[in-house]
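One-based numbering, in listed order, for ligands and for the atoms of each.
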Amino acid sequence: MDFAGFSPAHAPLIDPFGRSISYLRVSVTDRCDFRCVYCMAENMTFLPKRDLLTLEELDRLCSAFIARGVRKIRLTGGEPLVRRGIMTLFASLSRHLASGALGELTLTTNGSQLPKFAGELAAHGVKRINVSLDTLDPEKFRAITRWGEVQQVLDGIAAARAAGIAVKINAVALKGVNEDELGDLVAWAHGRGMDLTLIEVMPLGDIGEGRLEQYLPLSMVRARLSERYALEDIDYRTGGPARYVGVKETGGRLGFITPLTHNFCESCNRVRVTCTGTLYMCLGQEDAADLRTPLRASESDEALHAAIDEAISRKPKGHDFVIDRRHRRPALARHMSVTGG
Ligand code: SAM
Ligand code: SF4
């Protein structure tokens, strides 16, 4: 067999369970202009600047993963669009779209900065994005985000669509907060040609309030929605954890992400890297690998590729989420804004 040209730097990433790693989520900042109650505490301590990977380092890191077969990159955070200079990262990564090495460059955003950046994102090859929006009610929105303005997000969604970017809405289902409104949110999103995905609250990070108070099982949400809509199981998959149903009355798609049930680990194709270069092989496990040290150790990517290989060889079979009912504590100490969901 001829192994010439098949250096580890080009070998595809396959984990011990035979799953190919083709999707990288990158948290580019831990900061945010909102403080959603389920995501962050009101007084968060953010990372010192020197710990963050520079935009050039983030580009190098993403490019190394692309060389290893990653086809989809999602930038997230914190709020990715509040990172200073973030458009230069989109601009540089778009070269991989142009070459065909990367199939999709996208982001998850709270939408607040889209009025400013939608046009540039479209110019850099971003075709679809996820925008998080839990309620259309300005007061509830302020209560959930602690200081956000819903109109700013609605303007952002309009700006993205005007720039030709398809928008999917993500909403976290919150007990006693937006549970009465989810049916209307379906009608609103589908009425504008946008898919909607509902997310169950995950036990990540100490946010200073009981998770059990926020937790609303999506099985209950689905049962309630089926009193208003005919929901039909459909085969649509995006490779992610969402299970989709078709809504007969609207003709739109509705996704459910229920991370507390082990329903998507077998087909997991993703890993996550934080803005400090820590690679998490599974959203629901603490095990992680430091990629910043090998990245900064030399200008060549050899050590980086070796560290990536070593990490992927430890990707676990599945996750371990539990809301600890006895101690009323999150099962994992890190916040969602660290890995970006
Ligand atoms: N700031 C961006 C946004 O809000 O879309 C990107 C980062 S945010 C951490 C990514 C997604 O995670 C959002 O849709 C948010 O609603 C969701 N999220 C945050 N904390 C969560 C939690 N504890 N459980 C479930 N989803 C959560
Ligand atoms: Fe910010 Fe997104 Fe977390 Fe809300 S969910 S606080 S918008 S990072």
Side-chain angles (χ1 to χ4, degrees), residues 25-44 46-47 74-83 86 106-114 117 128-135 141-150 152-153 156-157 160 167-175 177-178 182 185 189 195-218 221 240-242 255-261 270 272-275 280 283-284 319 321-323 329-341:
R25 297 173 72 110
V26 185
S27 175
V28 296
T29 176
D30 61 333
R31 290 167 196 256
C32 187
D33 50 347
F34 294 169
R35 291 287 181 281
C36 302
V37 290
Y38 46 76
C39 179
M40 293 193 183
E42 187 154 15
N43 298 310
M44 293 287 285
F46 293 111
L47 293 161
R74 178 179 298 279
L75 301 191
T76 172
E79 173 48 43
L81 296 181
V82 304
R83 169 95 193 235
I86 192 65
T106 183
L107 76 155
T108 298
T109 173
N110 66 25
S112 69
Q113 306 303 311
L114 283 173
F117 290 126
R128 357 176 247 178
I129 60 176
N130 291 351
V131 178
S132 305
L133 177 64
D134 304 328
T135 176
F141 189 83
R142 208 165 305 122
I144 294 172
T145 60
R146 291 200 180 96
W147 55 64
E149 293 293 336
V150 74
Q152 203 179 335
V153 175
I157 293 170
V167 174
K168 179 167 83 75
I169 303 292
N170 283 341
V172 176
L174 296 162
K175 191 156 135 190
V177 180
N178 64 358
L182 296 173
L185 209 54
D195 286 345
L196 172 70
T197 296
L198 301 176
I199 307 173
E200 211 165 64
V201 172
M202 291 185 243
L204 289 181
D206 196 345
I207 46 144
E209 276 169 67
R211 291 281 173 205
L212 288 175
E213 279 78 67
Q214 298 177 350
Y215 182 61
L216 174 63
L218 287 190
V221 173
F256 295 91
I257 299 186
T258 51
L260 299 185
T261 52
R270 60 191 60 193
R272 296 168 165 82
V273 69
T274 69
C275 53
Y280 283 94
L283 178 62
H319 66 64
F321 282 126
V322 209
I323 289 188
R329 268 204 317 251
L332 286 176
R334 67 177 192 266
H335 289 92
M336 189 67 123
S337 49
V338 173
T339 48

With side-chain contact (heavy atoms from CB on, under 4.5 Å) as the test, pick out the partner of Gln214 among Val172, Val201, Val177.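 Single side-chain contact (heavy atoms from CB on, under 4.5 Å) partner of Gln214 among Val172, Val201, Val177: Val201.
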If the test is side-chain contact (heavy atoms from CB on, under 4.5 Å), which one of Thr145, Val167, Val153, Ile144 qualifies with Leu133?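 Running side-chain contact (heavy atoms from CB on, under 4.5 Å) over Thr145, Val167, Val153, Ile144 with Leu133 returns exactly one hit, Val153.
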Are Tyr215 and Glu200 side-chain neighbours, meaning at least one heavy-atom pair lies under 4.5 Å?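 They are in side-chain contact.
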Just jot down the side chain to side chain donor-acceptor pair (under 3.5 Å) partners of Ser112, sequence neighbours excluded, or say none.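 Ser112 satisfies side chain to side chain donor-acceptor pair (under 3.5 Å) with Asp33, Asn110 once adjacent residues are dropped.
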Residues in side chain to side chain donor-acceptor pair (under 3.5 Å) contact with Ser132, at least two apart in sequence or another chain: none
Atoms of ligand 1, numbered as shown, that sit under 4.0 Å from any heavy atom of [X]:
| X | value |
| --- | --- |
| Thr109 | 2 (C), 3 (C), 5 (O) |
| Thr76 | 6 (C), 7 (C) |
| Gly77 | 7 (C), 9 (C) |

Ligand 1 and [X], any nitrogen or oxygen pair closer than 3.5 angstrom?
| X | value |
| --- | --- |
| Tyr38 | yes |
| Gly78 | yes |
| Asp134 | no |
| Glu79 | yes |
| Ser132 | yes |

On a heavy-atom basis, the closest approach of Asp134 and Leu185 is O-CD2, 3.9 Å
Identity of the nearest option to atom 16 (O) of ligand 1, non-hydrogen atoms only, from Ile129, Val172, Val201: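 The nearest heavy atom belongs to Val172.
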contact_flag Ser27 ligand 1 heavy-atom lt 4.0 Å: no
Without hydrogens or angle criteria, can the side chains of Glu79 and Thr29 be said to hold a donor-acceptor pair below 3.5 Å?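 On atom types as modelled, these side chains do not qualify, holding no pair under 3.5 Å.
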Between Arg83 and Gly77 (side chain of the first, backbone of the second, donor and acceptor by atom type, cut-off under 3.5 Å), is there such a pair?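 It does not hold such a pair.
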Okay, side chain of Arg35, backbone of Arg146: is any donor-acceptor separation there less than 3.5 Å?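 Here the side-chain-to-backbone pair does not exist.
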So, Cys32 and atom 1 (Fe) of ligand 2: N/O/S under 2.8 Å, yes or no? yes
What part of Cys39, side chain from CB on, backbone N/CA/C/O, both or neither, has a heavy atom under 4.0 Å from ligand 2?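 Side chain only.
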Do any heavy atoms of Ser132 fall under 4.0 Å from ligand 2?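 Contact check Ser132 vs ligand 2: negative.
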